[in-house]
Amino acid sequence: PPTVTITSSGTSSGATVNNNPMTFTFTISETPLTTLTQSNFALTSCNTPLFYVDSSTIYRITCVAQHSVTTSVSVPSNFFDRAGNLNTASSTFSLTSGLIL
């Protein structure tokens, strides 16, 4: 089944960062049957999300933090690859923004 890896500018999950907005990159191991949309991604404390499709296997979401909160992103099991395999849910990736807009 397809897997999803989440990264953010070389920062580890759980870190406090001094950048706002925060951008998360999602790399999918296999091409999904259909192009994913923002509704395929679980977002917590992500204000004004901007969604980008970089390729069939790379997606980005940019979140603005309006106060010092932890923003978390993940991908639940909710899409299929071209062979009909349901994706494995991703781990949750979280960042706390120390810079407030």
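Source: prediction; values computed, not measured. In what follows, every heavy atom counts, from backbone to side chain, and hydrogens, waters and symmetry copies are set aside.
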Note to self: Before we go on, tell me: are the rings of Phe41 and Phe24 under 6.0 Å apart, centre to centre?
What the structure shows: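 No: the rings miss the under 6.0 Å criterion.
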Measuring from atom [atom1] of [X] to atom [atom2] of [Y], what distance do you get when rounded to the nearest 0.5 angstrom?
X: Tyr52; Y: Thr25; atom1: OH; atom2: OG1; result: 11.0 Å
X: Leu95; Y: Ile6; atom1: CG; atom2: CD1; result: 10.5 Å
X: Leu43; Y: Ile61; atom1: CG; atom2: CD1; result: 4.5 Å
X: Ser97; Y: Asn19; atom1: OG; atom2: CG; result: 6.5 Å

Notebook entry, point to check: Is Leu86 reachable from Tyr59 through a run of I, L, V, M, F, W or Y residues, each pair having side-chain heavy atoms under 4.5 Å apart?
Noted result: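 Result: no, two separate clusters.
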[X] versus [Y], closest heavy-atom pair with distance:
X: Ser45; Y: Thr71; result: O-OG1, 2.9 Å
X: Ala89; Y: Ser77; result: N-OG, 3.2 Å
X: Phe51; Y: Gln38; result: CB-OE1, 3.6 Å
X: Pro1; Y: Thr88; result: CG-OG1, 3.8 Å
X: Ser56; Y: Pro32; result: O-CD, 3.2 Å

Keeping [X] on the side-chain end and [Y] on the backbone end, is there a donor-acceptor pair under 3.5 Å?
X: Ser8; Y: Thr11; result: no
X: Ser29; Y: Thr3; result: yes
X: Asn87; Y: Asn78; result: yes
X: Thr57; Y: Thr27; result: no

Notebook entry, point to check: Can you name the residues that form a side-chain contact (heavy atoms from CB on, under 4.5 Å) with Ser94, not counting sequence neighbours?
Noted result: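 side-chain contact (heavy atoms from CB on, under 4.5 Å) check on Ser94 returns Ser13, Thr70, Ser72, Thr92.
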Notebook entry, point to check: Among all residues two or more places apart in sequence or in another chain, which pass the side-chain contact (heavy atoms from CB on, under 4.5 Å) test with Ser39?
Noted result: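 Ser39: side-chain contact (heavy atoms from CB on, under 4.5 Å) contacts with Thr37.
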Item checked: Stepwise side chain to side chain contact (heavy atoms under 4.5 Å, CB included) check, Ile28 with Phe79 -> CA-CA 11 Å; Ile28 300 171; Phe79 71 88; 3.9 Å; yes
Check: Where do Leu36 and Phe26 land on the side chain to side chain contact (heavy atoms under 4.5 Å, CB included) test, with the steps shown first?
Finding: CA-CA 11 Å; Leu36 302 184; Phe26 303 81; over 6 Å; no
Next item on the list: Go through the structure and list residues passing salt bridge (charged side-chain N to carboxylate O under 4.0 Å, His left out) with Arg82, not counting sequence neighbours.
Entry: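 If we apply the salt bridge (charged side-chain N to carboxylate O under 4.0 Å, His left out) test to Arg82, skipping adjacent residues, there are no hits.
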Notebook entry, point to check: Will you find, in the side chains of Thr62 and Thr23, an N or O donor that is under 3.5 Å from an N or O acceptor?
Noted result: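 Distance-only check passes for Thr62 and Thr23.
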